[in-house]
Amino acid sequence: MLKLTSQRLPQLKTETLVVPLCEDRVLFREASLVRLIEKTKGIRTFTARAGELLDLYQPEGLQTQRIVFAGLGSSLDLTAEGLRQAAGKSIRHAWHAQPGQAVLAVPDTNLPDVLRPERALAAMAEGAYLANHTLTAYKSVTKTVPLKSIRFMVAGAKDRNLRPILARIEKIARGTTLARDWVNLPANAKTPRELARLISRAARQAGVTATLMDATQLKRLKMGALLAVGAGSSHPPKMLILDHKPPRSRETLVLVGKGVTFDAGGLNLKPTGSIEMMKIDMAGAAAVGAAVVAAAELGLKKRVVGVLPMVENMVSGAAFRPGDIVRSYSGQTIEIGNTDAEGRLILADALSYAVKRYKPKHIIDLATLTGACVVALGDRIAGLFSADAPLRDQILQSSEETHERCWSMPLPEDYKDLLKSDLADMRNIGPGRWGGAIVAALFLSRFVGDTPWAHIDIAGPAYTKKAQAYTEAGGTGFGVRLLCDLMERL
Ligand code: BES
Ligand code: ZN
Ligand code: ZN
């Protein structure tokens, strides 16, 4: 979908041309572009503030129907994220009733030192690709549709080796849109079996081995915690294993994703106001699934295994109860304090299984785990929990690079007492609500042994109520781009 063009403005034929603009400096060398930008000078209603758009129709002497000037603010504050957002916003602005086309002019001068032209191209490509996507399966009529062609106008593109940059971004961003689609599907279309089928299909197409374990196998393996959560649903639990195993790979990275296809809360039923969005409680599994697919498409040299426990947390005569004691795969027993703290239960079994089976160098889980994390960090920043400083630092770097923001949270040893149970080895909740995200992370820590581990609580950023620059309302696919960057780093 993403292409390059080295055509110059006078020859360029397109429906929409997007020209990014700073308040203080012109970001292009080509004389015809500079002249075009000059035309915005006298327009007092447009100042090129970040996020501002200005349309110019049928510009004289050019073969483009419309120019969209996209404001970037001051060039001194310009970042990759600023370009991502400007590109995303303009693409959405260019949508109309038919599949249209757009060309984005990529800045080539006066950029801040940290933003080399290659990085500018990558950022704009990413924003554009991500914005040019929507799930239409459930709409009978659509007013506007994605563009069929997006090209990037880069001076001297022919002589520079820029194709691989676009190809890489396309694979990663496609991962994000895959994850978004899975998250946006309603729970009645993604029972554990159905979701496993969808993710397996994408995985196999990319050359990833997908193995599905059904409830019988999970029983045989004695995954008591996972099975307890799944007991109340007429759609039995599954565990999907995705294995990207390139020849001669030595170290293994395991990614685990919470796959609760609907979290009604179980017998501790969620009230109105909390239950409505709970189809998104598999966003961790979606992100991990899409990241493994992307790893294969990127030809990553390292082995990456995705472990995706999938259940529906429902209410029925067969549901697990508060006060029940279950035996986890690790052998440790857990007293159920609250059936709505189900994510940590399925992750407990997935984590200890993965550690035992794959002996990974690193294990990372992504989960929409706690409302408490959203209270702490809001809905755009994930909580990062890891006692392994090098792993944590790499994740924070990837977070910076991709603008999938994570904030490091503590794992205080003495808080582990909060999980004490009179009867069992531990309870699945603490005595009160305080520090809920930390308590949940400490619970998980008891299932990874000494393996370097990180937990990312994505309950906030997995979903957005309001559309953002390159993210429409709904599932965000948060974590896919972060993991892609990280997999290449680790
Ligand atoms: N799936 C929820 C967490 C969640 C909340 C995700 C908001 C997305 C948005 C999780 O299973 C849950 O219910 N957690 C409880 C834990 C509590 C019972 C200890 C919570 O956060 O209230
Ligand atoms: Zn829950
Ligand atoms: Zn949940």
Side-chain angles (χ1 to χ4, degrees), residues 183-184 187 190 192 195 225-226 228-233 237 256-287 308-315 319-324 334-350 365-383 385 409 415 418-419 421 426-444 455-465 473-479:
V183 173
N184 287 335
K190 59 175 179 203
L195 183 61
L226 172 59
V229 178
S233 170
V256 179
K258 172 177 172 182
V260 176
T261 62
F262 188 75
D263 182 11
L267 289 172
N268 294 106
L269 188 63
K270 283 186 185 291
T272 297
S274 305
I275 200 169
E276 292 79 4
M277 278 318 303
M278 280 303 139
K279 68 168 188 182
I280 63 108
D281 212 18
M282 38 56 76
L308 282 57
M310 298 183 198
V311 293
E312 198 182 29
N313 189 21
M314 299 292 272
V315 185
F320 74 137
R321 316 156 188 82
D324 281 2
I334 305 163
E335 182 186 356
I336 306 303
N338 190 316
T339 59
D340 198 10
E342 84 299 338
R344 61 198 76 179
L345 294 168
I346 71 167
L347 290 174
D349 279 353
D365 75 79
L366 268 73
T368 46
L369 203 62
T370 66
C373 200
V374 193
V375 173
L377 298 173
D379 66 359
R380 299 209 182 173
I381 302 176
F385 299 82
M409 302 280 278
Y415 281 29
L418 295 169
L419 290 165
S421 158
M426 70 191 92
R427 260 155 60 90
N428 74 332
I429 57 165
R433 284 170 39 226
W434 292 358
I438 298 174
V439 173
L442 286 169
F443 178 90
L444 298 180
H455 157 60
I456 308 180
D457 191 333
I458 60 168
Y463 166 82
T464 179
K465 248 197 204 114
T476 59
F478 184 98

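Start at 1 and go down the list; that is how both ligands and their atoms are numbered.
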Mind checking whether [X] contacts ligand 1 via backbone (N, CA, C, O), side chain (CB onward), both or neither, at a 4.0 Å heavy-atom cut-off?
X: R344; answer: side chain
X: R433; answer: neither
X: N313; answer: neither
X: D263; answer: side chain

Proximal atoms of ligand 1 relative to [X] (non-hydrogen, under 4.0 Å):
X: E342; value: 11 (O)
X: I429; value: 19 (C)
X: K258; value: 1 (N), 10 (C), 11 (O)

Interatomic spacing from [atom1] in [X] to [atom2] in [Y] - rounded to 0.5 Å:
X: L345; Y: E342; atom1: CG; atom2: CD; result: 7.5 Å
X: N428; Y: T339; atom1: CG; atom2: OG1; result: 8.5 Å
X: Y463; Y: I280; atom1: OH; atom2: CD1; result: 8.0 Å
X: I456; Y: T368; atom1: CD1; atom2: OG1; result: 13.0 Å
X: L369; Y: D457; atom1: CG; atom2: CG; result: 5.0 Å
X: C373; Y: I438; atom1: SG; atom2: CD1; result: 9.5 Å

**Item:** Minimal non-hydrogen separation, A350 against P309, with atom names
**Value:**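 Closest heavy-atom pair between A350 and P309: CB-CG, 3.7 Å.
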
**Message:** Quick check: closest heavy atoms across K465 and A473, and the distance to 0.1 Å?
**Reply:** O-CB, 3.4 Å

Quick one: look up the protein heavy atom nearest [atom] and list residue, atom name and how far away it is.
atom: atom 15 (C) of ligand 1; result: D340 O, 4.1 Å
atom: atom 14 (N) of ligand 1; result: L369 O, 3.5 Å
atom: atom 22 (O) of ligand 1; result: G371 N, 4.6 Å
atom: atom 9 (C) of ligand 1; result: M278 CE, 3.7 Å

**Message:** Using modelled atom types and a 3.5 Å cut-off, is there a donor and acceptor pairing between side-chain atoms of N184 and backbone atoms of G475?
**Reply:** yes

**Message:** I'd like to know if the side chain of K279 reaches the main chain of K190, judged simply by a donor and an acceptor atom lying under 3.5 Å from each other, with no hydrogens or angles considered.
**Reply:**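 It does not hold such a pair.
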
Quick one: does [X] get an N or O within less than 3.5 Å of an N or O on ligand 1?
X: A459; answer: no
X: N338; answer: no
X: T370; answer: no

**Complete:** the Zn ion (ligand 2) has as its nearest N, O or S atom from D263 the atom OD2

**Asked** When you measure from the Zn ion (ligand 2) to each N, O or S atom of E342, which atom gives the shortest distance?
**Response**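 This residue's closest N, O or S atom turns out to be OE1.
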
**N, O or S atom of D281 closer to the Zn ion (ligand 3) than 2.8 Å** = yes

**Prompt:** Short check: any N/O/S atom of G343 below 2.8 Å from the Zn ion (ligand 3)?
**Reply:**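 It does not; every qualifying atom lies at 2.8 Å or beyond.
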
**Message:** As a quick check of understanding, evaluate side-chain contact (heavy atoms from CB on, under 4.5 Å) for D263 and D340, giving each step before the final call.
**Reply:** CA-CA 8 Å; D263 182 11; D340 198 10; 3.2 Å; yes

**Asked** Quick one: do D281 and K258 make a salt bridge, cutoff under 4.0 Å?
**Response** yes

**Message:** I'd like to know if atom 11 (O) of ligand 1 has any protein heavy atom within a distance of less than 4.0 Å.
**Reply:**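 At least one protein heavy atom is under 4.0 Å away.
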
